[in-house]
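Index from 1, following the sequence.
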Amino acid sequence: MVLSGLSAARVWHLVDAKNKHLGRIAQRIAIALTGKYKPTHNPAVDNGDYVVVVNARNLDMSAQKSTAKTYRWHSGYQSGVTKLTYKEFSELHPAAPIRKAVYGMLPKNNLRKEFMRRLKIFPDAEHPYEQNILR
């Protein structure tokens, strides 16, 4: 397979998360990061694009889900479990729910970290990548 310069080039995508559902937007971001929409897609080759997400603070979530969805992690110490609801977690870290959702939707291999490095999430509309955005 011969890769032309245009098909192998990395494009910058701008995603506005305002009033969008978390799972649906995370799925589309994961597809863009992996490059699955490109005709030259190969799972063993990193040919995905950059994705800039703005307005991450304004995700749409139902009232029941915002209190029922929990995020858990363990510090490694005894009784070191931390549990936060979506509402509490998004107030502390506005970009973290999108980051965790996309991370879970990417393939579980060595390229996952490379994909995540190309994901840029901002809680508000301002971002420093205006000149790079093509789509």
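Contact detail for Asn47 and Asn42: the closest heavy-atom pair is ND2-N, 4.3 Å. Here the closest non-hydrogen pair linking Glu91 and Pro94 is O-CD, 4.5 Å. Counting all heavy atoms, side chain and backbone alike, Ser66 lies closest to Thr85 at O-CB, 3.8 Å. Scanning both residues, Ser90 and Pro97, for their nearest heavy atoms gives CB-CG, 4.1 Å. The minimum heavy-atom distance linking Ala32 with His13 is given by the pair CB-CD2, 4.2 Å. The two atoms that bring Ala125 and Val54 nearest to each other are O-CG1, 3.9 Å, heavy atoms only.
The shortest side-chain heavy-atom distance between Leu84 and Thr70 does not fall under the 4.5 Å cut-off. Side-chain atoms of Tyr50 and Asn132, non-hydrogen and from C-beta on, never get closer than 4.5 Å to each other. Within the 4.5 Å cutoff, the side chain of Val52 has no heavy atoms near those of the Val15 side chain. Side-chain atoms of Val81 and Arg72, non-hydrogen and from C-beta on, do get closer than 4.5 Å to each other.
Taking OH of Tyr103 as the reference point, atom CG of Leu33 lies at 13.0 Å (rounded to 0.5 Å). Annotation: the span from Leu59 atom CG to Leu22 atom CG amounts to 5.5 Å, rounded to 0.5 Å. Taking CG of Asn55 as the reference point, atom CD1 of Ile121 lies at 12.5 Å (rounded to 0.5 Å).
Other residues, nucleotides and ligands contribute over 12 non-hydrogen atoms within 6.0 Å of the NZ atom of Lys108. Heavy-atom neighbours of Arg24 CZ from other residues, nucleotides or ligands within 6.0 Å: at or below the threshold of 12. Within a 6.0 Å sphere centred on CD of Gln78, heavy atoms belonging to other residues, nucleotides or ligands number 12 at most. Enclosure of atom NZ in Lys120 by more than 12 non-hydrogen atoms of other residues, nucleotides or ligands within 6.0 angstrom is indicated.
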Give the intermediate values and the outcome of side-chain contact (heavy atoms from CB on, under 4.5 Å) for residues Thr67 and Tyr86. CA-CA 6 Å; Thr67 57; Tyr86 169 79; over 6 Å; no
Given side chain to side chain donor-acceptor pair (under 3.5 Å), test Asn19 with Asp60 step by step and report yes or no. CA-CA 5 Å; Asn19 299 329; Asp60 188 27; over 6 Å; no
May I have the step-by-step check of side-chain contact (heavy atoms from CB on, under 4.5 Å) for Asp124 and Arg57, ending in yes or no? CA-CA 7 Å; Asp124 298 317; Arg57 187 184 311 255; 3.4 Å; yes
Derivation of the side-chain contact (heavy atoms from CB on, under 4.5 Å) call for Gln27 and Met105: CA-CA 7 Å; Gln27 179 219 5; Met105 291 185 184; 4.0 Å; yes
Please walk me through it: do Leu14 and His127 pass side-chain contact (heavy atoms from CB on, under 4.5 Å)? CA-CA 10 Å; Leu14 178 66; His127 62 89; 3.8 Å; yes
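Residues Leu92 and Val53 are members of one and the same hydrophobic cluster, defined by side-chain heavy-atom contacts under 4.5 angstrom among Ile, Leu, Val, Met, Phe, Trp and Tyr. Hydrophobic clustering places Met61 together with Ile98 (ILVMFWY residues linked when any side-chain heavy atoms are closer than 4.5 Å, directly or through intermediates). Side-chain heavy atoms closer than 4.5 Å link hydrophobic residues (I, L, V, M, F, W, Y) into clusters, and following such links, possibly through other members, connects Trp73 to Val102.
Checked by atom type and distance alone, the side chain of Glu114 never pairs as donor or acceptor with a backbone atom of Leu111 at under 3.5 Å. A donor-acceptor contact shorter than 3.5 Å is absent between the side chain of His93 and the backbone of Ala95.
A salt bridge is defined here as a Lys NZ or Arg NE, NH1 or NH2 lying under 4.0 Å from an Asp or Glu carboxylate O, and Asp49 with Lys38 meets this definition. A salt bridge links Arg118 with Asp46: the distance from a Lys NZ or Arg NE/NH1/NH2 to an Asp or Glu carboxylate oxygen falls below 4.0 Å.
A cation-pi arrangement, defined by a distance under 6.0 Å to the six-membered ring centre and an angle within 45 degrees of its axis, is present between Lys69 and Tyr71.
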